[in-house]
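What follows is a set of notes on a single structure, which appears directly below.
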Amino acid sequence: MDEQALLGLNPNADADLRQRALAYFEQLKISQDAWQVCAEALAQGIYSDDHIKFFCFQVLEHQVKFKYSELTEVQQQLIRETLITWLQAQMLNPQPEKTFIRNKAAQVFALLFVTEYLTKWPKFFFDILSVVDLNPRGVDMYLRILMAVDAELVDRDVVHTSEEARRNTLLKDTMREQCIPSLVESWYQILQNYQYNNSELTCQCLEVVGAYVSWIDLSLIANERFINMLLGHMSVEVLREEACDCLFEIVNKGMDPIDKTKLVESLCQVLQSAGLFSIDQEDDVDFLARFSKLVNGMGQALIASWTKLIKNGDMKSAQDTLQAIEAKVALMLQLLIHEDDDISSNIIGFCYDYLHILKQLSALSDQQKANVEAIMLAVMKKLTYDEEYNFENEGEDEAMFVEYRKQLKLLLDRLAQVSPELLLASVRRVFNTTLQNWQTTRFMEVEVAIRLLYMLAEALPVSHGAHFSGDVTKATALQDMMRTLVTSGVSAYQHTSVTLEFFETVVRYEKFFSVEPQHIPTVLMAFLDHRGLRHTSPKVRSRTAYLFSRFVKSLNKQMNPFIEDVLNRIQDLLELSPPENGYQALLSSDDQLFIYETAGVLIVNSEYSAERKQVLMRNLLTPLMEKFKVLLEKLMMAQDEDRQMALADCLNHAVGFASRTSKAFSNKQTVKQCGCSEVYLDCLQTFLPALSCPLQKEVLRSGVRTFLHRMIICLEEEVLPFIPSASEHMLKDCEAKDLQEFIPLINQITAKFKAQVSPFLQQMFMPLLHAIFEVLLLPAEENDQSAALEKQMLRRSYFAFLQTVTGSGMSEVIANQGAENVERVLFTVIQGAVDYPDPIAQKTCFIILSKLVELWGGKDGPVGFADFVYKHIVPACFLAPLKQTFDLADAQTVLALSECAVTLKTIHLKRGPECVQYLQQEYLPSLQVAPEIIQEFCQALQQPDAKVFKNYLKVFFQRAKP
């Protein structure tokens, strides 16, 4: 071997040596006999360096996995002997191999097993067992090999091909017949031999039993001698976690419901008599987490049995099983309420399913009602944050608690289905008690009290948020709690979690303020002062900005008395943050968007006169326009790139804020009614010059483009005079992404104004196409994925543009471009339909082709178009689906084929018998289609029902493709 290259296997080697080792590995993988050198090195123990041994196993692994069939019988025998020799050496070596080497060796054994067991090595396990006997190092390898075999055969995380799945089934069947009983016997011997003096091997063996139990005959394991041994392990500290997992796998095994109930009950009896059901004395949380998973498995197994028995009509057994379930509830509650969230989380499944049973019962016993209440109290207690939760810097622990809270929310929703009255009463009690003394109560208890009120909205759902009408008891309870929330002063609590929960809840129950509008000023003040938008925490300020905009929008008309006051109070929050570094604004520009939207909504929805609205809107937008002009001048002068970027961002924010205020308008009507058209036209005139700025084009264009999209909706045809010059600037030196984002703007104008913009479209049609073709023809690096994707997206946008033009009944835009250009455009569509394996673009191309055939394909169509139909469009309908890349199993491709069928139907509709004749006598024979199939095809095409032909076409191409 290349000793120099082998030095690079050491993780501490320098980069050059490591690179050389990698190249050497690749070289050995393709070499014919390098594996033999590695096999010899392993069998004879030539190298002592761990990384070289691992390397040798990797070379062998590659040989077995990818090139095994190329070896002769003798060479295959050599690999088997090498592994067995290596295994024998393990028991004699003074030191055991490192774990990573043992695991890699086990993987190679498992790969060889999968390849050879059914043919050349049926005694695989017996050979290994005869070598290892009960030697501890040998047993360790034997157990690792078993785990590696299980991973190859049943690992759910590995995606197997159908061929591999078939092979794995056959392997398992053969193992069940030939060796599983012997393997089980060997596990029993290992457990018996090592349970008191080698906990590591015992745990490994328990893991093997747990893994195999899911696919072998359960009676081999679920019998007295095995179960007694496992239960014995439950009281040995170092073994009990693995024993727990092993029992969990046994309980999880699918079986007859009555047998399952018996098995679970017998396990529970023994566990209970061993004192394992009294949780309070137990302080080992790792064990309890496993135990909780086991109890959860037993509970869910019993519930699954109950469901099957009810379905089968066996009421007697179902009743017995229900009693068995009820008997576990006390234990379940102890685990659910445990202070460790992992232990609690592991039992939630059982708890959830138990409530599902109660929901199905016609009446609940007193004990069941008490259980529901106990679960409810446990959920309320467990929803509470603990002291360690870091609100300012949330890490992994915090994320896990948030996930756990989501699980508890599902339990609360399920509780509401079982007993809505009880849930409402419990929440009301907790809420009122807590809020009476909020000043002296810990933050987590105040937060959870408000949180529970918030959660009731989803737990007790109503349509359109109508929580305060309908059911009187519920409406009154919620109204009382909301009144308490807004009048208690709790919004001043000095903790971010309470503050946020307060604002989330008032927004969720905004309908309350329609019933009791007198509380609106109180809540508005909370939003506007140091409790909300001016809070010390940026997180609270940011969330409040969003919630404030929702609150104002939902209350609409009720905001009227407060508009001027609110606008004055938010004045400083509307200021455009200057691009100077180090300036700390209260709100980020994203948060400011919500404040601008809110200001727009307040003005537009007010009951002021149009004149007053116009003045207020001017006051809102003029500072932005003035700032914009100054900043644009500064940008033109700026030399430093960072400074340019900061200024461009700031300009972009200004345009974005103006765009956002227009969200308050639904269409031109409301803009006109409010007298605001002029203000927005002024904005347009202010912003458009940014398009001709040569610096930071991408950022500036993107902002102005978005503003134009909004103005097309709000100002309609008043925007049209600005479009030609804006388009001209946007088409100057643009890249794929610019074009891709510009085309939707043109599509919006085309679809909205149709004939009105026909002259403009005719004028800019070819310049736009030239810009597109120029970008598409740019050479790109062969493996530049992102450039290829950008081109693909641009191609889609181009076809979408043609689809919009033809679909808006404006084919004259294309027709008036001169014969040569028309032809060029048509060929790009044919190319899009056939040559590019992109079903989304292909579908669009066929839509364009059908539309053009519909418009131009008749007797009075443009000269030469009928010829084009037969020479190019008809062939495209066959060549595209016949391509290997046209995958009929893919949903998008099927949609493309469907449009291809529409194209053929449209040709037949416009050209009549002539089309059928062309297919029958010329085109289909040229593809070597059999006469009877041609006949069948033409009959399907002539069917009046288009669906019949679509279905036929799919079958036609499925048959045609090899």
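Of all the heavy atoms in Ile348 and Leu408, the pair that sits closest is CD1-CD2, 4.0 Å. Nearest heavy atoms, Ala243 versus Leu206: N-CD1, 3.8 Å. Residues Phe277 and Gln334 share a closest heavy-atom pair of O-NE2, 3.6 Å. When all heavy atoms are compared, the tightest approach of Glu339 to Lys382 is O-NZ, 3.3 Å. Counting all heavy atoms, side chain and backbone alike, Leu230 lies closest to Cys246 at CD2-SG, 4.0 Å. In plain terms, the two heavy atoms of Gln407 and Ser345 that are nearest each other are OE1-OG, 2.9 Å.
Under the 30°/60° scheme for interplanar angles, the aromatic rings of Phe401 and Tyr404 are found to be tilted. Between Trp86 and Phe109, the ring-plane angle classifies as tilted under the 30° and 60° cut-offs.
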Walk me through whether Met255 and Leu218 qualify under side-chain contact (heavy atoms from CB on, under 4.5 Å).
CA-CA 9 Å; Met255 57 194 289; Leu218 187 63; 3.6 Å; yes
Is there a salt bridge (Lys or Arg N to Asp or Glu O under 4.0 Å) between Asp286 and Arg290? Walk through the geometry before answering.
CA-CA 7 Å; Asp286 288 341; Arg290 307 274 184 110; over 6 Å; no
Q.
Quick one, Asp127 with Trp121, criterion side-chain contact (heavy atoms from CB on, under 4.5 Å). Give me CA distance, side-chain angles, the key distance, then yes/no.
A. CA-CA 9 Å; Asp127 288 354; Trp121 202 356; 2.7 Å; yes
Would Asn346 and Leu294 count as a side-chain contact (heavy atoms from CB on, under 4.5 Å) here? Give the steps. CA-CA 9 Å; Asn346 282 348; Leu294 172 60; over 6 Å; no
Check your understanding: Can you check side-chain contact (heavy atoms from CB on, under 4.5 Å) on Met298 and Leu331, steps first, answer last?
Key -> CA-CA 12 Å; Met298 294 197 290; Leu331 176 60; 5.9 Å; no
- Query: Given Glu403 and Lys406, is the salt bridge (Lys or Arg N to Asp or Glu O under 4.0 Å) satisfied, shown in steps?
  - Reply: CA-CA 5 Å; Glu403 276 309 305; Lys406 286 180 188 167; 3.0 Å; yes
Test salt bridge (Lys or Arg N to Asp or Glu O under 4.0 Å) on Arg176 and Asp173; report intermediate values, then the result.
CA-CA 5 Å; Arg176 289 187 194 102; Asp173 289 345; 2.6 Å; yes
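No side-chain heavy atom of Tyr212 sits less than 4.5 Å from a side-chain heavy atom of Leu153. Under the 4.5 Å side-chain criterion, counting only non-hydrogen atoms from C-beta, Ile375 is in contact with Val379. Between Ser317 and Thr261, the closest side-chain pair of non-hydrogen atoms is not below 4.5 Å. The shortest side-chain heavy-atom distance between Gln63 and Leu71 falls under the 4.5 Å cut-off. Taking 4.5 Å as the limit, some side-chain heavy atom of Asn168 sits within range of a side-chain heavy atom of His160. Between Val295 and Ile347 there is a side-chain heavy-atom pair separated by less than 4.5 Å. Contact annotation: the side chain of Asp353 never approaches that of Trp306 to less than 4.5 Å [non-hydrogen atoms, C-beta and beyond]. Between Cys244 and Met234, some side-chain heavy-atom pair lies under the 4.5 Å cut-off.
In terms of modelled atom types and a separation under 3.5 Å, the side chain of Asp386 and the main chain of Tyr389 share a donor-acceptor contact. Checking side-chain atoms of Asp133 against main-chain N and O of Asn135 turns up no donor-acceptor pair under 3.5 Å. Proximity of a side-chain donor or acceptor of Asn312 to a complementary backbone N or O of Lys308 within less than 3.5 Å is detected. With hydrogens and angles disregarded, no donor-acceptor distance shorter than 3.5 Å links the side chain of Asn93 to the backbone of Gln95. No side-chain donor-acceptor contact under 3.5 Å links Lys172 to the backbone of Ile216. The backbone N or O of Val251 sits less than 3.5 Å from a side-chain atom of Lys260, completing a donor-acceptor pair. Put simply, the side chain of Asn223 gets close to the backbone of Ser219: a donor and an acceptor are under 3.5 Å apart. Lys328 contributes a side-chain N or O that, together with a main-chain N or O of Ala324, makes up a donor-acceptor pair within less than 3.5 Å. A side-chain donor-acceptor contact under 3.5 Å links Gln76 to the backbone of Tyr68. The backbone N or O of Glu224 lies less than 3.5 Å from a partner atom in the side chain of Asn228, making a donor-acceptor pair.
For the residue pair Asn390 and Glu398, no side-chain donor N or O sits within less than 3.5 Å of a side-chain acceptor on the partner. Between the side chains of Gln204 and Glu200, no donor-acceptor pair is found at a separation under 3.5 Å. There is no side-chain donor-acceptor pair under 3.5 Å between Tyr354 and Arg414.
No more than 12 heavy-atom neighbours from other residues, nucleotides or ligands sit within 6.0 angstrom of NZ on Lys123. Summarising the local packing, CD of Glu396 is surrounded by 12 or fewer heavy atoms from other residues, nucleotides or ligands at distances under 6.0 Å. Within a 6.0 Å sphere centred on CD of Glu237, other residues, nucleotides and ligands contribute 12 heavy atoms or fewer.
The line from CZ of Phe287 to CD1 of Ile343 is 10.0 Å long, rounded to the nearest 0.5 Å. Note that the NZ atom of Lys104 and the SG atom of Cys56 stand 13.0 Å from one another [nearest 0.5 Å]. Interatomic distance, CG of Leu129 versus OG of Ser182, reported as 8.0 Å (0.5 Å rounding). For the atom pair CG of Leu78 and CZ of Arg80, the computed distance is 10.0 Å after rounding to the nearest 0.5 Å. Summarising the geometry, atom OG belonging to Ser305 is positioned 12.0 Å from atom CD1 belonging to Ile310; distances are rounded to the nearest 0.5 Å. If you take CD on Glu207 and CD on Glu249, they are separated by 10.0 Å, rounding to the nearest 0.5 Å.
Salt-bridge formation is detected for the pair Arg166/Glu163: a Lys NZ or Arg NE/NH1/NH2 atom is positioned less than 4.0 Å from an Asp or Glu carboxylate oxygen.
Aromatic ring centres of Phe113 and Phe125 lie closer together than 6.0 Å.
Residue Gln107 forms a side-chain contact (heavy atoms from CB on, under 4.5 Å) with just one option from Lys65, Gln58, Glu61, Met147, and that option is Glu61.
Remark: Glu97 engages Lys53 in a side chain to side chain donor-acceptor pair (under 3.5 Å) (not counting sequence neighbours). Evaluation of the side-chain contact (heavy atoms from CB on, under 4.5 Å) rule for Tyr196 yields no partner, not counting sequence neighbours.
Taking the ring axis of Phe248 as reference, the NZ or CZ atom of Lys293 stays within 45° of it and closer than 6.0 Å to the ring centre.
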